Amino acid sequence: MKEYDHKKIEKKWQAIWEKKRTYQAKDFSKKPKYFSLIEFPYPSGDGLHVGHPRPYIGMDIISRKKRMEGFNVLYPIGWDAFGLPTENYAIKTGQDPRVVTKKNSNTFRRQIKSLGISFDWSREINTTDPKYYKWTQWIFLQFLKKGLAYKAKIAINWCPKDKIGLANEEVIGGYCERCGTPVEKREQEQWMLAITKYADRLDKDLDKVDYLPQIKLAQRNWIGRSEGAEIEFKIVSPIPGIGENVKVFTTRPDTIFGATYLVLAPEHELVQKFKAQISNWNEVLQYIAANRNRTDIERTAENKTKTGVELKGIKAINSATGEEIPIWIADYVLPHYGTGAIMAVPAHDERDFEFAKKYNLEIKQVIMPDNLDDRNPPHPDKKNTNRNVVHIILRDPKKKTVLVMFLKGEKWKGNNPINFIIGGIEEGEKELETAIREIKEETGYSNVKFVKKIPFETQARFFAAHKDVNRTVHVHTLVFDLVSPEKVEIIEDEYFTKDSHEFKWIPYEQVEDIVNIPDDKASWKYFLNDGYAFTGEGILINSGKFDGMDSEKTKKEIIKFVGGKEKTTFKLRDWVFSRQRYWGEPIPVVFCPACAKASAGKENAGWIPVPEKDLPVELPKVKNYQPTDSGKSPLANIAKWVNIKCPKCQGKAKRETDTMPNWAGSSWYYLRYTDPKNKKYFADKKNLKYWTPVDWYNGGNEHTTLHLLYSRFWHKFLFDLKLVPTTEPYKKRTSHGMILGEGGVKMSKSLGNVINPDEIVKTYGADTLRIYEMFMGPFSQSVAWSTESIIGARRFLERAWNLQTKVSKTAFDTTLNKTIKKVTEDIKEMKFNTAISTLMIFINEVGKSDSISQDAYEKFLKLLSPFAPHIAEEIWFNLGHKDSIHLSSWPKWDENLIKDEEIKIAVQINGKVRAEIMIQVDDNEEIIKQKTLANEAVLRYLAGRDAKKIIYVKNRLINIVL
RNA sequence: GCCCGAGUGGCGGAACUGGUAUACGCGCACGACUUAAAAUCGUGUCCUGUAAGGGAUGUGGGUUCGAUUCCCACCUCGGGCACCA
C-alpha cells in the first residue's frame, strides 16, 4: 500500500469530478430536489482566509449527504462583487474595478476549488456582470412601476474634506475613517424603497419559516412592531392664530390622564406653523439649529442627558382631562417614528420621567401596581373586603433608622408580614389624621413631625390572617420624622396586643431586605430614589370614570373615549437605495425637465424609467473613480453618457448618476442560480417552480437584519407580481460562528494573524483542513484557530488510510451501527464536531483489532466522505469500486444491533456515586435492588441503616436515600 | 442603557428530556521501536490527599433523592442596536 499522499490524491479527484460533472445539478429530475445555499463571497484583494470556508464546508457536508440520500442537489456559488473595498482600491490605484474584480475572483475560485467543495460551478454568477445586473435593474423598474421606489431628502454622513458621502461603517466615532475629519450631516436627494409597506408581512410570515429562534427574534426586533393608538391633542394660544390639532402616537393610551406635557420633535412641521404665537421663538430657533448641526461626536459626548425647550405662548389640551398642558420640543423625540410627537407621561415612562425631573414638570400617577402578596395570597373561600389604608415610614433622622413592625403569631403559617406602621382610614377621617392617631396608638410615640406624602400609591391583595378575611387595600404612604422619643401608653384591642406585634428600629440600608410586603418595598424604593417611573400595568387612579379598572383591559375604551384610533407602527424605516459612487449598478432612470413640468406635483415627477428593452444600463468606463466635488457619483462627469434623449418625449434629458447599494445584487441572487444563463427572464418560471424555495440557507449573524430582511422583501414583492411561486425565499436559516485568530481575537490584516488556507492545504491537505475546521468546536459558535491542533485531524485521516492493510473479516456490528446513527443525526443538526469525534472513536476501536471487514470499512468511508471527500474516494476506488463514493447511497443503521445486552449502571447513596454494578438491559427493578443491596461497597456505606427511599432510573442509575 | 449569545482540565471542547461531569482532539509525562532523532504505537493525565476520603462546570442563593442542565440575584467576556413614545 502506498503512503497517504494528499497532494496527488486531492488534485487528481478534483480534476476527475470536474470532468465528470459529478456535482452538477440537473434541471428537472424524478429525484426530489434540494437547494442548499451559502452567502456568496465578496472577492476581496486579500484572498481567502481560513474563516471563509467554514460555512462552505458545513453546507458541503449537508449537500453531499443529501446527494447520497437520493436528492438532486443544487449547491451553487458566485461573487457578490460590487461595493466599497474594490472601489476604494480603484480610487487609490487607478485600476479598473472590473479588472480588479476579475483578478480577485480568480484567486478566490482557485482557492475554493482546492478545498474540494461540491459546488456546481457551471452556475457561477457575478453581480457585476451586465448580463446579471440587467435583471437587478429590471427588478428596480418594477418597484418604480408599482410606486415602491421614490425620491426623498435624507440626511447622510458627509466628509467635508474628502467631499464624499460615507457609509456608517466608514464613520469611526464621528470621524471620517480615512482622513479623520469630523463627519457632518448633509441632506441629499436619494432613491428610497418602501420596505415599510411590507413590514407587517415580513413580521408575520416569520411564523411560516424554520429559522433559528435568535434569528427570528433579531428580525422581529429590527422590524419593531408596536401596537398603540394615535390620539389628537388640541393646541391653543391666547394670541389668536391657526387652530391646530397635533397627533401623537402612544403605546400606552391607558396612561393619558397622566399626560402632563406634550413633546414635539424639533423638526415637527407644527413648530414652524406656530412661529407667530411662540413668545420665545429665538430660543426655539437656537435649539433647533444646535440640534441640526449636532454631529455624532457631540451626541456621544453629551452622555445622554435629555435637553429641550418649552414652546412658550402655546399650550395643548389633554384630550382626556381637558386641562391645559405645556408643549416642549426635545431631540429625544424622533421625527420619523410614530407621528413625531408624544404625550409625555412622566409617572409611567422612563424618558419622560427623566425629562420632567430635569425641567420640573408635573408628575402625576395614574396607574398603581396591583401587588398580589404571594406569601399570603387571598383565599378563594374567604370573604373579600376593600379598605383605604395609610402606611407610615417613621424615621429617626439622627440615627438613620426606620421603625418596622414584625407581626407575630401562628395564624400566618410562617409567612409573617414585616412592614411599616399600618392603619385603616376610618369613615370621614383624613390620611394625616389617621397616620398621627395610628403612630400614637400602636407605638406610643407622640412627638412626630409630618414630612411628606409619597406620590406613589399602590394596591395590595392578600389574606389577612389576623381577621380571617381577604383584603384589597389602596395604600397611601406618608413619611414622618421622630422629633423626640417620649411615649404615651399603647392602646391594645382585640387584634392589637403586645404579643401580636414587635417594633424594631432598622437602619436605612437594611430596610429593603427586611421588609417583606411588596407595597412597602415599592414605596421605600420610591422614597430612596426620589421617585421612578412605574412602567408596568396595574389599576387606574386619577383617571375619572376609569378609576379602579385594569389598565391593560381598558386601553381600547380609553382610545374611544378620547376619539383616537388604534394604530400599529414599526421601527423599520424605508431603505435608502442610492449611492453616489461608481462601483454599483446604475439606477436605470433619466430625468427629463420637460416631463417634470408636465407632471409637476406628482410623485417622481420627471423621472422616466429607461425602457426595459434598453437594459442593462451599462456602467461606462471612467478615468477617475473619485466622486465629484459636489458629492455626485463620478458618472456625473461623463457628459456623453449622462446626456440622453428622454425616452418619453424625446427632449433633452439626463441620466441618473446614482448607483445601487451592494445589497441590491444579493437580494435576489439565489433565484438566478436556478437558471443562470437565461436571456429572456431573470429565471424561467419552470426552473423557479422546480428549485425554489431554498431548502437551507446558512450564513453569518451579521446579515440577519439587513441582507436577510432585504431579500425577503424583494422576494415578497416578486411574489406579488406573480414572478416567483413562494411567499418566502428560504425555508430554513442557520448561522455559523466566526473563526478567530489564535488567542481568540478577530483575524485581521492589521493584527497580522490571518491564516491563509493555501498553506494548510499544501502542508496537510484539504481533507485535513476540512476535518479540522469542522472538529474545532460547535459550528454555530466562534472558535479560535490553532495551527498546533491541526495535526490531530491529519493523524485521524492517516489511521483511516492505514486500515487498507487490514481488510478481512471483523464486522464491528455494534460500534458501526452506533456510529452510523450518531453521524447521520449529528449532520442534520450541524453537530459536525461530535460527528467527527464519533468517527474517531470508531477508528480507535478498529485500531485495537487486526482486521476490519470490507463491508464495515466501506460503510465507514461513506460516513467519512462528506467530511473528507478526496481520501474517501481514493480508498473507495482502491477497494475496487468503479463509481464515485459520492454518488453511492448513505448507509442505514440497524437499531437491533445497537443495543447492548449487559450494561454498567451507577449506584448513588444520597445522590453521590458510590459504586457501579453490571445489569442485564431491561432487568426489572426488583433484581436491580437486590443486586445493589448485595454490593459490598453499598453495604459498607449503609452500615446497617435502612434505605428511606430507593429511586431507580431505568438503565442509568439507582439512588439510595438514607 | 437595552437585546442576544457564552463562561466546564494546561488548551479547543463533550454531556440525551434534570440522572455516573470532563467523550474526542491538542499538549504534557513515561514506555516500546531506533545507533539517534522524527514519525508511529502503547500507558497515564481535573484538583487535593500516602490512603480512606474530600473538592471542582464564572459567583452567591433556591427547587430536587439528584442540577453543567430549571428558577432568582450578581460578575466577566463576545456580538448587535443607539433616546422607538
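Bear in mind that the values here come from a model prediction, so they are computed numbers and not experimental data. The sequence lines fix the lettering, A, B, ..., with proteins before strands; numbering per chain opens at 1. Keep in mind that the numbers below use all heavy atoms, side chains included, and drop hydrogens, waters and symmetry copies.
- The shortest distance between the side-chain N/O atoms of Lys912(A) and the OP1/OP2 oxygens of rG55(B) is below 4.0 Å.
- Among the protein residues, Val783(A) comes within range of the sugar-phosphate backbone only, with heavy atoms under 4.0 Å from sugar or phosphate atoms but none that close to a base.
- rG44(B) has its base anti relative to the sugar, with a glycosidic angle deviating from 0 by more than 90°.
- For Lys247(A), the salt bridge (Lys or Arg N to Asp or Glu O under 4.0 Å) partners at least two apart in sequence or on another chain are Glu230(A).
- Relative to the ring axis of Tyr532(A), Lys525(A) places its NZ or CZ within 45° and under 6.0 Å from the centre.
- Ranked by how close their nearest RNA chain B nucleotide is to the 5' end, Ala915(A) and Ile841(A) are led by Ala915(A).
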Dump every N/O contact between nucleotides 61-66 of chain B and the protein below 3.5 Å, one line per pair.
residue : atom : partner   : partner atom : Å
rC65(B) : O2   : Asn959(A) : ND2          : 2.4

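- A salt bridge does not link Lys358(A) to Glu354(A): none of the charged side-chain nitrogens sits closer than 4.0 Å to a carboxylate oxygen.
- Residue Asn833(A) places at least one side-chain N or O closer than 4.0 Å to OP1 or OP2 of rA14(B).
- Arg914(A) comes within 4.0 angstrom of the backbone, heavy atoms only, and of no base.
- Listed nucleotides: rU20(B), rG13(B), rA85(B). Nearest to the side chain of Pro778(A): rG13(B).
- Glu916(A) comes within contact range of at least one nucleobase, with a heavy-atom separation under 4.0 Å.
- Classification of Asp200(A) and Arg225(A) as a salt-bridged pair holds, one side-chain N sitting under 4.0 Å from a carboxylate O.
- Under 4.0 angstrom from either OP1 or OP2 of rA85(B) there lies no side-chain N or O belonging to Thr339(A).
- The separation of rA15(B) from rA23(B), taken at their C1' atoms, amounts to 8 Å, rounded to a whole angstrom.
- A heavy atom closer than 4.0 Å to some atom of RNA chain B occurs in no member of residues 818-825 of chain A.
- A salt bridge is absent between Glu825(A) and Lys831(A): the closest approach of a Lys/Arg side-chain nitrogen to an acidic carboxylate oxygen does not fall below 4.0 angstrom.
- Ion pairing between a basic and an acidic side chain is recognised when a charged N comes within 4.0 Å of a carboxylate O; Lys806(A) and Asp850(A) show no such pairing.
- Taking a cutoff of 4.0 Å between a charged side-chain nitrogen and a carboxylate oxygen, Arg351(A) and Asp349(A) qualify as a salt bridge.
- Looking at Thr554(A) and Asp254(A), their side chains never bring a donor and an acceptor atom within 3.5 Å of each other.
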Each nucleotide N or O in nucleotides 25-27 of chain B that has a protein N or O under 3.5 Å away: list the pair and distance.
residue : atom : partner   : partner atom : Å
rG25(B) : OP1  : Asn844(A) : ND2          : 3.2
rC26(B) : OP1  : Arg795(A) : NH1          : 2.5
rG27(B) : OP2  : Arg795(A) : NH1          : 3.4

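- Under 4.0 Å is where a charged nitrogen must lie from a carboxylate oxygen, and between Arg54(A) and Glu39(A) no such pair does.
- At a threshold of 4.0 Å, the pair Glu362(A)-Lys364(A) does not count as salt-bridged, since none of the basic side-chain nitrogens sits closer than that to a carboxylate oxygen.
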In dot-bracket notation, what is the pairing pattern of RNA chain B, taking Watson-Crick (N1-N3 plus N6-O4 or O6-N4) and G-U wobble (N1-O2 and O6-N3) contacts under 3.5 Å, with [ ] crossing and | for other strands?
-> (((((((..(((......[....)))((((((.......))))))(((....)))..(((((..]....))))))))))))....
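- Every residue meeting the side chain to side chain contact (heavy atoms under 4.5 Å, CB included) condition with Ser543(A), not counting sequence neighbours, appears here in chain and number order: Phe257(A), Val366(A), Leu540(A), Phe546(A), Asp547(A).
- Counting distance only, with no hydrogens placed and no angle test, the side-chain atoms of Arg225(A) and the base atoms of rC84(B) include no donor-acceptor pair under 3.5 Å.
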